[in-house]
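Below: the structure, in structure tokens.
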Amino acid sequence: MKGSITFVLFTLVLTLGAFIYFFERDTSSTAEQNARARKAFMIDPDDIQEIVIERDGFKLVCNREEDQWVLREPVTDLADEGLIHRFLYFLELLRKNTTITAPERQERNLTLSDYGMDTPQALIRLTGKTRSKTYLIGRKATLDDRIYVKENSQDVIVSVDHHLLQMIPASTADWRVRNLFHENASDITRFSIRRSDGFIQAGRRDSGQWIIQQPIKTRASVAAVQRLLDSLLPLQIEAFITDSAKDLTAYGLDHPATELALWRKNSKTPDTLLIGKSIETMT
């Protein structure tokens, strides 16, 4: 008798467990499908290999190369990884507010131009490993601050939070790395400073001791060299003036006031910084 009761209870437990498993699996699947359906941009940030932005006659092209984002148009430079990741994850989390289908537009006697899709404010092309999607950013909605978005291959138009426009770069400078130097202090093995009043060069031994090599050879203060590097390496670029300066005279760079060179580990050529006129003397 006890064996029969145990068998029945065991069967009930198995049945209940199976019911809970399949019910929760279906519920989770439905919830995931609903969440996916609310997304305005169907992307996986980790899959994106290229970003193209077109806005107000400006075009920016950015590629992921060996886990590093690099600007390719209109200039070639390192891109700010944090800003690009923030942009992509913002798109991934952006939700639709309203959805307007083609039949609904026809019923209201509206066309794509009524939503600003004939002359979009911006274009975003996201290319992954296997496919590419292009999104048109239209005008603002009439009744609120939301803006219209359309995936180029689809007829559906959606409205999203207007902060999307603030996330889209309006110039190359918006996504460029602003670190003047890309080295860490521990990477520097040699440096030189040339000015009108003299020249100094120093190198670091494997032991960590700094040696002045020119104009005389003697031990340098490790603390003084560290203070120098700590003051230089965190410097940030405030503004990008030009990427194609043909006449350096205007900036005082034909005869710079100071020339700083930094050598990194295993590097035969230094990174050189020319310091020209101050902003005050140019205005």
* Asked: Between the side chain of Q121 and the main-chain N/O of G138, is any donor-acceptor distance below 3.5 Å?
  -> yes

* With no hydrogens and no angle check, is any side-chain donor or acceptor of S159 less than 3.5 Å from a backbone partner on T98? -> yes

* Donor-acceptor contact below 3.5 Å, side chain E104 vs main chain T101 -> yes

* When the ring planes of Y115 and Y148 are compared, do they come out parallel, tilted or perpendicular, using 30° and 60° as the limits? -> perpendicular

* When you check the side-chain N and O atoms of N179 and Q236, is any donor under 3.5 Å from an acceptor? -> yes

* Asked: Is the CD atom of E107 crowded by more than 12 outside heavy atoms at less than 6.0 Å?
  -> no

* Would you indicate whether E238, at its atom CD, is surrounded by more than 12 heavy atoms from other residues, nucleotides or ligands within a distance under 6.0 Å? => no

* **Within-4.5 Å side-chain heavy-atom neighbours: L71 and C62** => yes

* Should I137 and M117 be regarded as members of a common hydrophobic cluster, given that ILVMFWY residues are connected when their side-chain heavy atoms come within less than 4.5 Å of each other, either directly or indirectly? -> no

* **pair K39-R95: side-chain heavy atoms closer than 4.5 Å** => yes

* Structure fact -> Rounded to the nearest 0.5 angstrom, the CG-CG distance for L165 and D145 is 11.0 Å

* To do: Start with the C-alpha distance between F191 and L228, add both sets of side-chain angles, then the distance that settles side-chain contact (heavy atoms from CB on, under 4.5 Å), and finish with yes or no.
  => CA-CA 11 Å; F191 71 86; L228 172 66; 3.8 Å; yes

* Asked: What about Y251 and L273, same hydrophobic cluster or not, with Ile/Leu/Val/Met/Phe/Trp/Tyr joined at side-chain heavy-atom distances under 4.5 Å?
  -> no

* **In one Ile/Leu/Val/Met/Phe/Trp/Tyr side-chain cluster, 4.5 Å: W69, L78** => no

* Asked: Nearest heavy-atom pair of V158 and K96: which atoms, and what distance?
  -> CG1-CD, 3.7 Å

* Residues that K268 engages under side chain to side chain contact (heavy atoms under 4.5 Å, CB included), provided they are two or more places apart -> none

* **Contacts of type side chain to side chain contact (heavy atoms under 4.5 Å, CB included), residue Q201, not counting sequence neighbours** => R190, S192, F199, Q213, Q214, W263

* **Taking every non-hydrogen atom, the tightest pair across E65 and V70** => OE1-CG2, 4.1 Å

* To do: For atom CZ of R86, decide whether the heavy atoms of other residues, nucleotides or ligands shown that lie under 6.0 angstrom number more than 12.
  => no

* Asked: Does some side-chain heavy atom of L260 sit less than 4.5 Å from a side-chain heavy atom of D271?
  -> no

* With distance as the sole test, does R205 use its side chain to make a donor-acceptor pair with the main-chain N or O of I211 at under 3.5 Å? -> no

* To do: Say whether, by atom type as modelled, one donor and one acceptor occur between the side chain of K150 and the main chain of N152 under 3.5 angstrom.
  => yes

* Should we count CG of D230 as having more than 12 external heavy atoms under 6.0 Å? -> yes

* Asked: Between R195 and A257, is there a donor-acceptor pair closer than 3.5 Å when you use the side chain of the first and the backbone of the second?
  -> no

* Are any non-hydrogen side-chain atoms of V75 and F240 less than 4.5 angstrom apart? -> no

* To do: Indicate yes or no: at least one non-hydrogen side-chain atom of L83 is less than 4.5 angstrom from one of D174.
  => no

* Structure fact -> In terms of heavy-atom contacts, L235 and S231 come closest through CG-O, 3.7 Å

* Quick one: do the T134 and R125 side chains pair a donor with an acceptor below 3.5 Å? -> yes

* **Hydrophobic cluster identity match, L136 and V156, side-chain contacts under 4.5 Å** => no

* Asked: Taking only residues two or more places apart in sequence, or in another chain, which ones meet K59 in a side chain to side chain contact (heavy atoms under 4.5 Å, CB included)?
  -> V52, E54, V61, E73

* Under 3.5 Å: donor-acceptor pair, side chain of R105, backbone of L112 -> no

* Might you confirm whether atom CG of D197 has over 12 heavy atoms from other residues, nucleotides or ligands at distances under 6.0 Å? => yes

* With a 3.5 Å cut-off and no angle check, do the side chains of T249 and D247 form a donor-acceptor pair? -> yes

* Give me the ring orientation class for W175 and F87: parallel if the planes are under 30° apart, tilted from 30 to 60°, perpendicular past 60°. => perpendicular

* Asked: Can you check whether S186's main-chain N or O pairs, donor with acceptor, with N184's side chain at less than 3.5 Å?
  -> no

* Asked: At what distance, to the nearest 0.5 angstrom, does NE2 of H162 lie from NZ of K140?
  -> 5.5 Å

* Asked: Can I275 be reached from I241 by stepping across I, L, V, M, F, W or Y side chains whose heavy atoms are under 4.5 Å apart?
  -> no

* Without swapping roles, check the side chain of R55 against the backbone of L60 for a donor-acceptor pair under 3.5 Å. => no

* Asked: Shortest non-hydrogen contact from L94 to F41?
  -> CD2-CE1, 3.7 Å

* **Taking every non-hydrogen atom, the tightest pair across R264 and T189** => O-OG1, 3.7 Å

* **Residue pair R204 / I188, side-chain heavy-atom distance below 4.5 Å** => no

* **Name of the residue among I53, I43, V149 meeting side chain to side chain contact (heavy atoms under 4.5 Å, CB included) with I124** => I53

* For side-chain contact (heavy atoms from CB on, under 4.5 Å), just list the numbers for K129 and D47, CA-CA rounded to whole Å, side-chain angles, deciding distance to a tenth of an Å, and then say yes or no. => CA-CA 6 Å; K129 296 175 182 176; D47 179 63; 3.3 Å; yes

* Give the minimum heavy-atom separation between I147 and D161, together with the two atoms involved. => CG1-O, 4.2 Å

* Cationic N near anionic O, under 4.0 Å, D243 to R176 -> yes

* pair R108-I100: side-chain heavy atoms closer than 4.5 Å -> yes

* How many angstroms lie between OG1 in T172 and CZ in F58, if you round to the nearest 0.5 Å? -> 4.0 Å

* Quick one: pull up CD1 in I157 and CG in L110 and give me the separation to the nearest 0.5 Å. => 9.0 Å

* To do: Would you check if T111 and D118 make a side-chain contact, meaning some heavy-atom pair closer than 4.5 Å?
  => no

* **Check: E259 side chain, T272 main-chain N or O, donor-acceptor pair, under 3.5 Å** => no

